[in-house]
Amino acid sequence: MLFDEPTAALVSSEIDQFLEILTRLRDQGIAVLLITHRLPEVERVADDVTVLRKGQVVYHTEKRHTTLDAVASAMVGETLPDEQYELPVPGDPLFECRGLLLSAHKRKAPERIPFNLYVLQREIVALRGGGNGQEEWIEAMLGTRSTAGGKIIFQKDDITSRSVGERRGRGIAYIPQDRQSRALLLRHGIQENYLLNPAAFSSNRSFRLPRKEARALAGDCVNRYQIQVPSLNATAAQLSGGHQQRLVVSREILASPSLIIAHDPTRDWTSGRRVSSVIC
């Protein structure tokens, strides 16, 4: 049986149940090929480990003869540093939802219970429980869904009635859950996709597209974030899922936002860059 990233959309309790099923299948004599980026899954169920990088086998061994550090090093192509990080001290109030109520919409709204959220500078706030209203609240925070009550405060200003463009221009970035349908123009080139965040381009003061600036910034991001592309003229559809996510994350960071709203951002890749605050 072949499984290609079967746990990508599962929560931890569901992953545990799925791995138990894989173990039972193996014990029944069924051969299982599991493709995953999650090392704890490798540690828990694998008998043999093979690492592919850029289309080639770079590592293969029995699990009992290796460590997760060795597997991780083979995946990224270098020895990972043993670094220690200190959590930054949270700063002043940055973003707040005060008694927010959602209005009626095409999709059913969450129960009409006032939603309150309080985020400080240099703080990460997590909303857990996928599929239970998170997307609707995120739409309200971004301004793509109207509200029936309450306020949204950003940097001490009431932005409840502000447009999406105004909110993004003030420093709110967004990493959607579905990058292909909501974050990328798959048939367009790399630099055109970076232009989707106009706040990143200081010279974008008219309807003219700053192509030279876009190409320079796109090239810088491709190098800095190690995005594997044939060329800057390649389309976003030519990138793998993980490198598409790198493009989206690097594009949102380009404008040095004060707040990043990231909806399930670690399906393929995580960013190590520090920002003021993040809502996941």
Side-chain angles (χ1 to χ4, degrees), residues 1-87 124-131 134 175-180 224-229 239-250 252-253 260 262-275 278-280:
M1 299 186 71
L2 170 63
F3 295 93
D4 187 359
E5 296 284 350
T7 61
L10 302 182
V11 298
S12 58
S13 59
E14 294 170 333
I15 291 175
D16 289 338
Q17 295 176 22
F18 177 77
L19 295 181
E20 290 176 1
I21 293 173
L22 285 191
T23 302
R24 291 201 298 270
L25 291 173
R26 180 196 61 190
D27 294 344
Q28 293 171 13
I30 298 174
V32 176
L33 177 60
L34 174 65
I35 301 173
T36 181
H37 288 91
R38 298 178 173 179
L39 294 183
E41 297 177 8
V42 174
E43 183 177 39
R44 180 167 169 179
V45 301
D47 296 305
D48 295 300
V49 179
T50 300
V51 176
L52 280 79
R53 191 173 71 251
K54 298 181 180 180
Q56 296 185 358
V57 174
V58 297
Y59 189 76
H60 175 75
T61 185
E62 294 182 30
K63 189 188 69 176
R64 61 179 178 173
H65 295 153
T66 189
T67 64
L68 292 187
D69 287 341
V71 175
S73 297
M75 291 173 64
V76 300
E78 60 183 357
T79 301
L80 299 177
D82 185 13
E83 298 178 332
Q84 301 294 324
Y85 298 94
E86 293 185 6
L87 293 177
I124 298 175
V125 176
L127 304 179
R128 294 200 61 186
Q134 290 87 339
I175 301 171
Q177 184 181 46
D178 187 345
R179 60 181 165 267
Q180 293 194 348
R224 187 189 315 168
Y225 291 88
Q226 299 180 14
I227 302 174
Q228 300 296 323
V229 298
L239 307 185
S240 67
H243 290 284
Q244 288 178 353
Q245 188 74 341
R246 293 188 185 206
L247 191 161
V248 174
V249 173
S250 63
E252 295 304 299
I253 291 176
I260 292 181
H263 188 187
D264 199 4
T266 58
R267 284 188 167 189
D268 297 288
W269 183 72
T270 55
S271 170
R273 286 289 300 275
R274 178 178 294 178
V275 296
V278 179
I279 300 173
C280 294

Is there a side-chain contact between [X] and [Y], using heavy atoms and a 4.5 Å cut-off?
X: Q228; Y: R246; result: no
X: V229; Y: H243; result: no
X: V249; Y: I260; result: no
X: I175; Y: Q245; result: yes

So, using side-chain contact (heavy atoms from CB on, under 4.5 Å) as the criterion, who are the partners of [X] when residues are at least two apart?
X: Q28; value: R24, L25, I30
X: T23; value: R26, D27, V45
X: L2; value: L33, I35

Looking at residues at least two apart in the chain, or sitting in another chain, which of them share a side-chain hydrogen bond (donor to acceptor under 3.5 Å, both in side chains) with [X]?
X: T50; result: H60
X: Q180; result: Q244
X: E62; result: R64
X: T61; result: none

For [X] and [Y], work out which heavy atoms get closest and say how close.
X: V42; Y: K63; result: O-CD, 3.4 Å
X: R38; Y: L10; result: NH1-O, 4.3 Å
X: L34; Y: E41; result: CD2-OE1, 4.4 Å

Item to check | Qualifying side-chain hydrogen bond (donor to acceptor under 3.5 Å, both in side chains) pairs with a residue from residues 8-18, counting only residues at least two apart or across chains | outcome: D16-R44
Checklist entry - Is the side chain of R179 donor-acceptor paired with the backbone N or O of G241 at a distance under 3.5 Å, no angle test? => result yes
Taking only distance into account, with no hydrogens and no angle test, what donor-acceptor pairs under 3.5 Å do side-chain atoms of residues 66-79 form with protein atoms, sequence neighbours excluded?
from: T66; atom 1: OG1; to: Y59; atom 2: OH; distance (Å): 2.6
from: T67; atom 1: OG1; to: A70; atom 2: N; distance (Å): 3.2
from: S73; atom 1: OG; to: D69; atom 2: O; distance (Å): 2.9

Checklist entry - Residues in salt bridge (Lys or Arg N to Asp or Glu O under 4.0 Å) with R53, at least two apart? => result none
Checklist entry - Which pairs, with at least one residue in residues 2-22 and sequence neighbours excluded, count as a ring pair (Phe, Tyr, Trp, His ring centres under 6.0 Å)? => result F3-F18
